[in-house]
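Okay, structure first, notes after.
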Amino acid sequence: MAEKKESNNSEDGRWTLQGQTALVTGGTKGIGHAIVEELAGFGAIVYTCCRNQEQLDQCLEKWRGKGYKVEGCINSVGMHISKPATEYTEEVYSIIMKTSFEASYHISQIAHPILKASGSGSIVFISSVVGFVALPATSIYSATKGAINQLTKNLAYEWAKDNIRVNAVAPWIIKTSFVEALKQEPSSMAEKNESNNISEDGRWTLQGKTALVTGGTKGIGHAIVEELAGFGATVYTCCRNQEQLDQCLEKWRGKSYKVEGCVCDLTLRPQREMLMEKINNAGILILKAATEFTEDDYSIIMKTNFEASHHISQIAHPILKASESGNIVFISSVAGLVALPASSIYAATRDNIRVNAVAPSIINTPLIEAVKKNPLTKEHMEKSISRQPICRAGEPKEVSAMVAFLCFPAASYITGQVICVDGGLTINGSY
């Protein structure tokens, strides 16, 4: 599996787990088993645990046969017991809280010194959508997942200074033995949703895929072009400047990337109609107090930052639908989630097509360098960065990596999400 994931992008170490060590609880079945195989396939040394020695031995034998570096031991992992809230006993309450929340909290405490010493630690909790929405007969389990969600934010904020990143993944109904058991219950929520079987092959490559990246000659757009092309996609891009475009195309061809481009003004509807498969990223930012925006300012910002994205998505829809695996990734901003000074207008702006958005905070791009020439704007940016748990500006490649992930077949169950790439800015409301 590790060899299948090799690409031009692996050279800088951002898409490999070689030399990394991971602990995956409950790794012999379901989501835990998939995580063990994913991490080991990328080169990590994985330690896992479960309740059943026979299951563990069978999995370890299989993993060693694949050349994976996996070790294991017997332990207790999370569980879910479905009952109406009035029927939970003190014993059941205690079991669920201990396995589904206390264990995660305690292991994080124990792991903290090791993660801190590594200089680049990472914790990924497995939460659930039941931590966000109400479902019947899940009151205690849902409470533990809501607690995991909040714990994720608090530890991310508290431990960022120790170079430990903390995130959570919140699945919905996933085909696992646990869900199969739940489906035996007549009222089980598992009956409400089914997902298609997904082939393991080709989940981490973009070979044979075609992408359009608007504004691809600089900043985040440029990084996205290189990320997608590095994973084998054929990329079409556009910008306003022919000279910039020619320079970039020459460089990309020198890297053997399959990239073509044209000059296009996205404020003009006729010019948008040449564009097909869509990744939206050609924004413009004019910083003024709300009372000082002119009609022209408003028109330019809305046409570039919203109307163009909407129109191109409409144009692309028939092509994406026909592909049966279409994917749109909008480039949003944390300014659409938290209030920032002098950016009021900027912030306002079933066909097997997945649609997601990536919302960066302050990223080191030519646009940011230009607006930092204003002393007041520079002060606002420095103050915003100082409030982030990861106290620095981001890099374009840190955004493009998330865009690439969302385009992979491996992300086929993710849609309708706004994923913040913001150094943790939004977890504390810019406090």
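Everything numeric in this text was worked out from a predicted model, so none of it was measured.
Legend: side chain to side chain donor-acceptor pair (under 3.5 Å) pairs involving residues 112-127, not counting sequence neighbours, sorted by first then second residue: His112-Asp162, Ser127-Asn149.
With Gln388 contributing its side chain and Ile390 its backbone, the two residues share a donor-acceptor pair below 3.5 Å. Of the possible polar contacts, none joining the Ser128 side chain to the Gly131 backbone as a donor-acceptor pair under 3.5 Å is found. Thr48 places a side-chain N or O within 3.5 Å of a backbone atom of Val24 that can act as its donor or acceptor partner. In this structure a side-chain-to-backbone donor-acceptor pair under 3.5 Å is present from Thr237 to Gly216. The backbone N or O of Gly121 lies less than 3.5 Å from no partner atom in the side chain of Asn163, so there is not a single donor-acceptor pair. Side-chain atoms of Asn167 never come within 3.5 Å of backbone atoms of Phe125 as a donor-acceptor pair (strictly under, hydrogens ignored). Remark: side-chain polar atoms of Thr99 are paired, donor with acceptor, to backbone N or O of Ile95 under 3.5 angstrom. At distances below 3.5 Å, not a single donor-acceptor pair connects side-chain atoms of Thr138 with backbone N or O atoms of Tyr141. In this structure a side-chain-to-backbone donor-acceptor pair under 3.5 Å is missing from Ser384 to Met381. A donor-acceptor pair under 3.5 Å is absent between the side-chain atoms of Ser142 and the main chain of Ser139, judged by distance alone.
Residues Leu115 and Ile123 meet the side-chain proximity criterion, which asks for heavy atoms closer than 4.5 Å. Pro360 places a side-chain heavy atom less than 4.5 Å from the side chain of Ile331. The shortest side-chain heavy-atom distance between Leu425 and Ile427 does not fall under the 4.5 Å cut-off. The closest side-chain heavy-atom distance from Cys73 to Tyr47 is not below 4.5 Å. The side-chain heavy atoms of Leu151 and Val166, taken from C-beta on, include no pair separated by under 4.5 Å. In this structure, His380 and Lys372 have side chains that are not in contact, with every pair of non-hydrogen atoms separated by 4.5 Å or more. For the pair Phe101/Ile96, no side-chain contact is recorded, criterion being any heavy-atom separation below 4.5 Å from C-beta on. At a threshold of 4.5 Å between non-hydrogen side-chain atoms, the residues Glu226 and Lys251 count as touching.
Donor-acceptor pairing under 3.5 Å is lacking for the side chains of Asn154 and Glu158. Side-chain polar atoms of Asn364 and Glu395 form a donor-acceptor pair below 3.5 angstrom.
Closest of all the heavy-atom pairs between Ala401 and Glu227 is N-OE1, 3.4 Å. Nearest heavy atom pair, residue Leu17 against residue Leu39, reads CD1-CD2, 3.6 Å. His222 approaches Cys248 most closely through the heavy-atom pair CD2-SG, 3.9 Å. Taking every heavy atom of both residues into account, Arg354 and Thr415 meet most closely at CA-OG1, 3.4 Å. Pairing each heavy atom of Pro389 with each of Ala156, the nearest pair is CB-O, 3.6 Å. Heavy-atom minimum distance, Ala170 versus Val129: O-CG1, 3.7 Å.
Applying the 6.0 Å contact sphere to CD of Glu61 captures no more than 12 heavy atoms from other residues, nucleotides or ligands. In this structure, Glu54 places its CD atom where only 12 or fewer heavy-atom neighbours from other residues, nucleotides or ligands lie under 6.0 Å away. For Lys69, the NZ atom is loosely surrounded, since the number of other residues' heavy atoms within 6.0 Å does not exceed 12.
Note: Ile328 CD1 to Leu406 CG = 12.5 Å, rounded to the nearest 0.5 Å. The NZ atom of Lys258 sits 8.5 Å away from atom OG1 of Thr210, with the distance rounded to the nearest 0.5 Å. Rounded to the nearest 0.5 Å, atoms NZ (Lys321) and OG (Ser323) are 11.5 Å apart. Taking NZ of Lys218 as the reference point, atom CG of Leu367 lies at 8.0 Å (rounded to 0.5 Å). In this structure, Asn374 CG and Leu376 CG are separated by 5.5 Å, a value rounded to the nearest 0.5 Å. Atom CD1 in Ile385 sits 12.0 Å away from atom CG in Asp422 (nearest 0.5 Å).
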Can you list the steps and then say if Lys378 with Glu369 is a salt bridge (charged side-chain N to carboxylate O under 4.0 Å, His left out)? CA-CA 9 Å; Lys378 184 178 180 181; Glu369 291 304 312; over 6 Å; no
Start with the C-alpha gap between Arg64 and Glu71, add the side-chain angles, then the distance that decides, and say whether salt bridge (charged side-chain N to carboxylate O under 4.0 Å, His left out) holds. CA-CA 9 Å; Arg64 287 164 186 158; Glu71 299 295 335; 3.2 Å; yes
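In this structure, Phe231 and Phe408 have perpendicular ring planes: the angle between them is above 60°, well past the 30° mark.
Between Trp172 and Tyr413, the distance from one ring center to the other does not fall under 6.0 angstrom.
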